2 protein chains.
Amino acid sequence: MTKILQRNLYREVADRIGDLIEHGELSPGERISEKQLCEKFGVSRTPLREALKVLATEGLIELLPNRGARVVRLTFKKVKDTYDLMAALEGLSGELACKHITDKEIAAIRTLHNSMLDHYHQHDLKAYFELNRQIHESILAASQNEVLQEMYNNLSQRVKRVRYSKKMTQAFWDQAVKDHENMINALEKRDSQLLGQILRDHLCNKLEVATLAGVIEDDAPDEEHSVVNA
Amino acid sequence: MTKILQRNLYREVADRIGDLIEHGELSPGERISEKQLCEKFGVSRTPLREALKVLATEGLIELLPNRGARVVRLTFKKVKDTYDLMAALEGLSGELACKHITDKEIAAIRTLHNSMLDHYHQHDLKAYFELNRQIHESILAASQNEVLQEMYNNLSQRVKRVRYSKKMTQAFWDQAVKDHENMINALEKRDSQLLGQILRDHLCNKLEVATLAGVIEDDAPDEEHSVVNA
DNA sequence: AAAAGTAATTATGAATTCAATATTAACAGG
DNA sequence: CCTGTTAATATTGAATTCATAATTACTTTT
């Protein structure tokens with residue numbers, strides 16, 4: 001049975017603001033003006049402020065008491081920490097997937113994998129990454145653990161805006177493809193320990209972190225304004 | 001530098017409602033009346049509704065469009081999934097802790113450990129569990145990964161209300177203490193792989209899950225009302 | 001009496017209004 | 001010209017009000 005999709009104004013607004021952040025239309029550290037966004041979206045402050053609270057809980061923005069909100073500044077450490085976590089979660093998803101996945105689902109992933117290999121041989125980076133993403137998503141779904149999926153998606157969202165893999169060297173790419181070959185073999189053997197290990201070590205994450213090392217503006221500014229929800 | 005503590009009305013209300021849920025004053029599946037809680041806390045609907053949205057994001061309650069909110073019903077599967085995740089996160093925390101922890105911090109944990117052993121030998125279950133909790137918290141803190149800590153704490157909060165370990169058998173207890181002995185040894189050797197493995201396999205989680213199997217009312221009712229934030 | 005349909009009531013969703021806090025601007029003194 | 005103080009402005013925090021959807025109570029009909 002398909003679940004009912006909740007479409008509240010606040011959720012709509014939260015998603016739209018999330019998009020603005022992802023696409024860089026709201027910059028890291030930028031102060032978020034309630035009035036401005038209200039006019040942009042054509043809603044009153046009530047649903048907008050609800051959205052801000054939700055986004056703060058999801059880790060995309062920070063709330064400064066009596067001083068509004070601002071987009072979370074992604075320091076290198078924060079991104080690194082998030083990727084460490086995502087690697088652990090991917091590892092778990094692999095272990096669980098081995099226990100639950102059906103032959104049919106494995107076949108579907110094998111198809112995605114072959115398609116991904118095609119794009120790899122044609123050096124189509126963009127298409128490659130899309131297939132790559134679909135494979136990881138399929139494994140996550142096969143884990144049958146909804147809490148895990150929710151957490152992973154939340155973390156993924158937090159770092160989405162710094163996810164562009166320009167500096168992909170051929171060596172890295174080759175290794176990533178080898179990893180994937182091993183992954184799908186482990187999956188077909190349903191070797192949960194092995195798949196978990198591969199996914200935890202999979203350099204996709206580490207590559208991105210390495211790539212990002214030079215990208216992120218790590219100026220660590222006005223930290224005296226930092227606030228924690230308590 | 002100590003961080004500024006945010007104390008907004010909505011956050012206060014959210015915490016108070018969280019306490020009500022934890023202590024069973026709001027039952028699983030129970031409909032949450034806005035008016036009632038407004039009167040109870042002496043606040044208007046605005047901050048209360050903001051709190052509800054945050055609690056929904058944190059996974060403690062569900063929002064039913066145009067039909068208010070209700071406390072999330074903890075099915076056995078949901079608890080099991082959450083514990084699987086927490087075990088993975090504890091494993092990661094152990095690995096990271098080995099890399100960052102100072103000799104002084106290890107000594108502090110050793111002290112906690114010894115104190116825990118005392119309570120074990122005196123069969124003081126309550127005091128034992130408090131020390132146990134402190135040890136795991138110390139390792140988590142030593143991981144130096146704030147995102148990890150945030151996620152772990154959120155998961156912990158979700159299952160807090162079903163955390164009472166009555167049916168602790170002596171055999172389980174003995175094993176748990178052995179695990180802890182191995183844990184602290186691995187920590188002192190800074191063997192991250194080993195500590196990670198121990199924590200992932202640590203039966204504390206599994207014990208609780210096993211204990212809960214008989215406790216949780218898994219009636220799986222009116223699921224047609226189920227809603228997902230989208 | 002049971003079921004279905006309609007009116008009344010209640011609760012939620014969202015906009016508006018009021019109050020408190022922070023930011024900016026103006027000004028005086030050094 | 002710079003610094004510190006105070007007044008004006010703007011923004012956020014919270015309560016209230018209005019609108020809309022859901023629930024309940026009450027008819028009406030079979």
Side-chain angles (χ1 to χ4, degrees), chain A residues 3-17 20 26-27 29-57 60-72 221-230, chain B residues 3-17 20 26-27 29-57 60-72 221-230:
Chain A
K3 294 199 172 181
I4 301 162
L5 241 40
Q6 184 175 322
R7 271 269 140 254
N8 282 25
L9 206 38
Y10 89 95
R11 193 60 258 185
E12 181 77 31
V13 170
D15 290 343
R16 296 274 294 270
I17 296 176
L20 291 181
L26 287 172
S27 312
E30 180 174 340
R31 170 87 173 284
I32 294 174
S33 161
E34 290 184 7
K35 206 172 107 186
Q36 206 172 309
L37 286 181
C38 283
E39 286 163 8
K40 194 182 188 88
F41 296 137
V43 299
S44 78
R45 278 177 63 219
T46 307
L48 185 103
R49 287 169 56 79
E50 289 170 349
L52 291 181
K53 262 120 198 145
V54 167
L55 289 168
T57 309
L60 267 79
I61 67 171
E62 291 174 319
L63 297 176
L64 318 176
N66 291 314
R67 269 185 289 169
R70 71 176 172 198
V71 180
V72 163
D222 52 304
E223 201 54 36
E224 82 275 11
H225 286 151
S226 117
V227 162
V228 69
N229 282 345
Chain B
K3 295 200 172 181
I4 302 161
L5 242 39
Q6 184 176 323
R7 270 272 141 253
N8 282 26
L9 204 39
Y10 88 94
R11 193 60 258 184
E12 180 77 32
V13 170
D15 290 343
R16 296 274 294 270
I17 296 176
L20 291 181
L26 287 172
S27 312
E30 180 174 341
R31 171 84 173 284
I32 295 174
S33 161
E34 290 185 6
K35 206 173 111 186
Q36 206 172 308
L37 287 181
C38 282
E39 285 164 8
K40 194 182 188 89
F41 296 137
V43 299
S44 77
R45 279 178 61 218
T46 305
L48 185 103
R49 287 170 55 80
E50 289 171 348
L52 291 181
K53 262 121 197 143
V54 167
L55 289 169
T57 308
L60 267 79
I61 67 171
E62 290 174 321
L63 262 31
L64 317 176
N66 290 314
R67 269 184 287 171
R70 70 175 172 200
V71 180
V72 164
D222 52 304
E223 201 55 36
E224 83 275 10
H225 286 151
S226 117
V227 161
V228 69
N229 283 345

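Computed from a predicted structure; not experimentally measured. Quick note on labels: first sequence line is chain A, next is B, and so on, each numbered from 1.
- Atom C1' of nucleotide C/dA15 and atom CD of A/E50 are separated by 12 Å, given to the nearest angstrom.
- Closest approach of B/R31 to B/R67, counting heavy atoms only: NE-O, 3.2 Å.
- For the pair A/G42 and B/S33, nearest-nucleotide mapping onto DNA chain C gives the more 5' position to B/S33.
- Inter-residue side-chain proximity for A/N8 and B/P65 is flagged as met; some heavy-atom pair is nearer than 4.5 Å.
- Comparing D/dT11, C/dG13, D/dA14 by their nearest atom to the side chain of B/R49 picks out C/dG13.
- If you take CG of A/N8 and C1' of C/dA11, they are 14 Å apart, rounded to a whole angstrom.
- Nucleotide D/dG13 holds its P atom 15 Å from the CZ atom of B/R11, rounded to whole Å.
- Counting non-hydrogen atoms under 4.0 angstrom, B/L48 reaches nothing in the nucleic acid.
- In this model, no side-chain donor or acceptor of B/S44 finds a partner on the base of D/dA14 within 3.5 Å.
- Between A/E34 and A/R49, the shortest heavy-atom contact is OE2-NH1, 2.8 Å.
- Among the atoms of the strands shown, none is found under 4.0 Å from any heavy atom of B/L52.
- Applying the 3.5 Å distance criterion, the base of D/dG13 shares no donor-acceptor pair with the side chain of A/R67.
- Going from atom CD of B/Q36 over to atom P of C/dA11 covers 10 Å, rounded to whole Å.
- Across C/dG13, C/dT21, C/dA11, the shortest atom-to-atom separation from the side chain of A/N66 is found for C/dT21.
- Picking from C/dA14, D/dA15, D/dG13 the nucleotide with the shortest atom distance to the side chain of A/P47 gives C/dA14.
- Atom CZ of B/R45 and atom C1' of D/dT20 are 12 Å apart (whole Å).
- Of the candidates A/L20, A/L55, A/L37, A/L37 is the only one forming a side chain to side chain contact (heavy atoms under 4.5 Å, CB included) with A/I32.
- Spacing between atom OH of B/Y10 and atom P of D/dG13 amounts to 9 Å, rounded to whole angstrom units.
- Between D/dT12 and A/R31, a contact under 4.0 Å exists linking OP1 or OP2 to a side-chain N or O.
- Here the C1' atom of nucleotide D/dG13 and the NZ atom of A/K35 are 17 Å apart, to the nearest Å.
- Closest to the side chain of B/E34, out of C/dG13, D/dA14, D/dG13, is C/dG13.
- Each of C/dG13, C/dA14, C/dT17 was ranked by its minimum atom distance to the side chain of A/L9; first place goes to C/dA14.
- Counting heavy atoms from C-beta outward, B/F41 and B/L9 have side chains that stay 4.5 Å or more apart.
- One atom, CZ of A/F41, and another, C1' of C/dA15, lie 18 Å apart when rounded to the nearest Å.
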